[in-house]
Amino acid sequence: MALRNIVIEGDDILRKVCRPVDHFDDKLQVLLDDMKETMYASNGVGLAAPQIGVLRRIFVIDVQDGRGLIEFVNPEIIETRGSQTSCEGCLSIPDFQGNVIRPAFVRVRAYDRYGKIFEYESGDLGAVCVSHENDHLNGILFRDKVTE
Ligand code: NI
């Protein structure tokens, strides 16, 4: 595994729409391992591939809810319910936090690193984190959605 450099706001890479993963190969395994290492080394709860300069639809999260690290490849949010407001930050926007309105609950369909489909459901921080990371795959930063 290797630490990757985190792309900081202002770089056009963070504003691109990411492409789906089409090969579940060794390169993907290395990328996911590196994303995990980079996220934990930065004390983050989530990291999306474009944040390390890779324009693919991948993110990892660990919201410390007992489920550990979860890897999402080609995720799709298939259901949301309600709303919640919480204070967010982002490894790509150092020293800035702000309140964002997110769904109170999300259900996501995604592939794991081996190409096996799974579903993930969460409220609380998991719903916030998945929404935030999924936005990264579409070139959206949380600063765009800060309400105050
Ligand atoms: Ni972020």
Side-chain angles (χ1 to χ4, degrees), residues 1-80 84 86-100 102-103 105-146:
M1 290 197 286
L3 284 178
R4 305 277 190 113
N5 288 325
I6 294 179
V7 176
I8 301 301
E9 187 186 30
D11 191 315
D12 286 347
I13 284 179
L14 294 175
R15 294 304 187 174
K16 309 269 192 207
V17 175
C18 296
R19 299 183 305 277
V21 169
D22 45 16
H23 297 291
F24 291 80
D25 54 12
D26 289 350
K27 202 175 156 195
L28 176 66
Q29 319 295 313
V30 170
L31 174 61
L32 283 162
D33 289 343
D34 289 355
M35 286 176 67
K36 171 185 173 180
E37 184 175 353
T38 303
M39 183 187 79
Y40 283 131
S42 309
N43 296 311
V45 295
L47 184 74
Q51 293 184 274
I52 57 165
V54 176
L55 291 172
R56 292 289 180 175
R57 303 191 75 81
I58 305 167
F59 60 77
V60 297
I61 69 168
D62 183 348
V63 295
Q64 284 134 32
D65 61 356
R67 288 190 271 186
L69 184 94
I70 305 179
E71 302 169 339
F72 297 80
V73 178
N74 297 345
E76 282 190 57
I77 295 176
I78 55 174
E79 184 184 351
T80 65
Q84 60 177 321
S86 63
C87 187
E88 297 185 19
C90 179
L91 295 174
S92 293
I93 313 179
D95 304 319
F96 175 72
Q97 294 191 320
N99 286 330
V100 181
R102 300 287 190 184
F105 169 89
V106 299
R107 185 199 308 274
V108 184
R109 188 171 294 149
Y111 294 86
D112 70 11
R113 62 165 59 206
Y114 305 109
K116 184 167 181 256
I117 200 162
F118 70 97
E119 285 194 8
Y120 169 90
E121 295 183 354
S122 187
D124 301 321
L125 182 57
V128 172
C129 194
V130 160
S131 301
H132 176 123
E133 301 310 329
N134 197 65
D135 274 354
H136 274 298
L137 307 185
N138 295 317
I140 298 165
L141 299 177
F142 89 95
R143 191 196 287 279
D144 307 345
K145 296 185 167 180
V146 165

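Since this is a predicted model, take the numbers as computed values, not measurements.
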Evaluation steps, side chain to side chain contact (heavy atoms under 4.5 Å, CB included), between His132 and Ile61: CA-CA 10 Å; His132 176 123; Ile61 69 168; over 6 Å; no
Side chain to side chain contact (heavy atoms under 4.5 Å, CB included) between Val21 and Tyr111, intermediate numbers included: CA-CA 10 Å; Val21 169; Tyr111 294 86; over 6 Å; no
Intermediate values then yes/no, side chain to side chain contact (heavy atoms under 4.5 Å, CB included), Val54 and Met35: CA-CA 10 Å; Val54 176; Met35 286 176 67; over 6 Å; no
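Annotation for Asp34 and Arg4: closest pair OD2-NE, 2.7 Å, computed over non-hydrogen atoms. Counting all heavy atoms, side chain and backbone alike, Gly53 lies closest to Ile13 at CA-CG2, 4.0 Å. Annotation for Ala127 and Val106: closest pair CA-CG2, 3.8 Å, computed over non-hydrogen atoms. The two residues Leu137 and Pro75 make their nearest non-hydrogen contact at CD1-CG, 3.7 Å. Nearest heavy-atom pair across His136 and Ala48 is CB-CB, 3.5 Å.
Scored by the side chain to side chain donor-acceptor pair (under 3.5 Å) test, Arg57 finds Asn138 as partners (sequence neighbours excluded). Legend: residues meeting ring-ring contact (aromatic ring centres under 6.0 Å, His included) with Phe59, ordered by chain and number and at least two apart, are Phe72. Applying the side chain to side chain donor-acceptor pair (under 3.5 Å) rule to Ser131 yields no partners; only residues at least two apart in sequence or on another chain are considered. A search for side chain to side chain donor-acceptor pair (under 3.5 Å) contacts involving Lys145 returns Asp135, not counting sequence neighbours.
Checking Ile58, Leu55, Val17 one by one against Pro50, the side chain to side chain contact (heavy atoms under 4.5 Å, CB included) holds for a single residue, Leu55.
Pairs of residues two or more places apart, or lying in two chains, never qualify as ring-ring contact (aromatic ring centres under 6.0 Å, His included) while including a residue from residues 37-56. Residue pairs satisfying the salt bridge (charged side-chain N to carboxylate O under 4.0 Å, His left out) criterion with at least one member in residues 121-130, sequence neighbours excluded, are listed as follows: Arg107-Glu121.
Note that CG of Asn74 and CZ of Phe24 are 5.5 Å apart. Values are rounded to the nearest 0.5 Å. Between Asp112 atom CG and Ile70 atom CD1 the span is 11.5 Å, to the nearest 0.5 Å. Atoms OG and CG, from Ser42 and Leu3 in turn, are 7.5 Å apart once rounded to the nearest 0.5 Å. Put simply, CD1 on Ile6 and CD1 on Ile52 are 8.5 Å apart, with the number rounded to the nearest 0.5 Å. Remark: Gln97 CD to Ser86 OG distance equals 10.5 Å, nearest 0.5 Å. Here Tyr114 contributes atom OH and Leu28 contributes atom CG; the two are 10.0 Å apart, rounded to the nearest 0.5 Å.
Distance alone, capped at 3.5 Å, places no donor-acceptor pair between the Ser92 side chain and the Gln51 backbone. Asp26 contributes no side-chain N or O that, together with a main-chain N or O of Gln29, makes up a donor-acceptor pair within less than 3.5 Å. A side-chain donor-acceptor contact under 3.5 Å links Arg56 to the backbone of Pro20. Between the Gln84 side chain and the Pro103 main chain, a donor and an acceptor come within less than 3.5 Å of each other. Judged purely by atom type and a 3.5 angstrom limit, Arg109 has no side-chain atom pairing as donor or acceptor with the backbone of Glu119.
Proximity of Arg102 to Thr80: side-chain heavy atoms (C-beta onward) are nowhere separated by under 4.5 Å. Put simply, the side chain of Lys36 does not reach to within 4.5 Å of the side chain of Asp62, judged on heavy atoms.
Other residues, nucleotides and ligands place more than 12 heavy atoms under 6.0 Å from the CG atom of Asp144. No more than 12 heavy atoms of other residues, nucleotides or ligands lie within 6.0 Å of CD in Glu76, so this atom counts as exposed by the packing criterion. Shown here is Phe142, whose CZ atom has more than 12 heavy atoms of other residues, nucleotides or ligands within 6.0 Å.
Salt-bridge formation is detected for the pair Arg67/Asp65: a Lys NZ or Arg NE/NH1/NH2 atom is positioned less than 4.0 Å from an Asp or Glu carboxylate oxygen.
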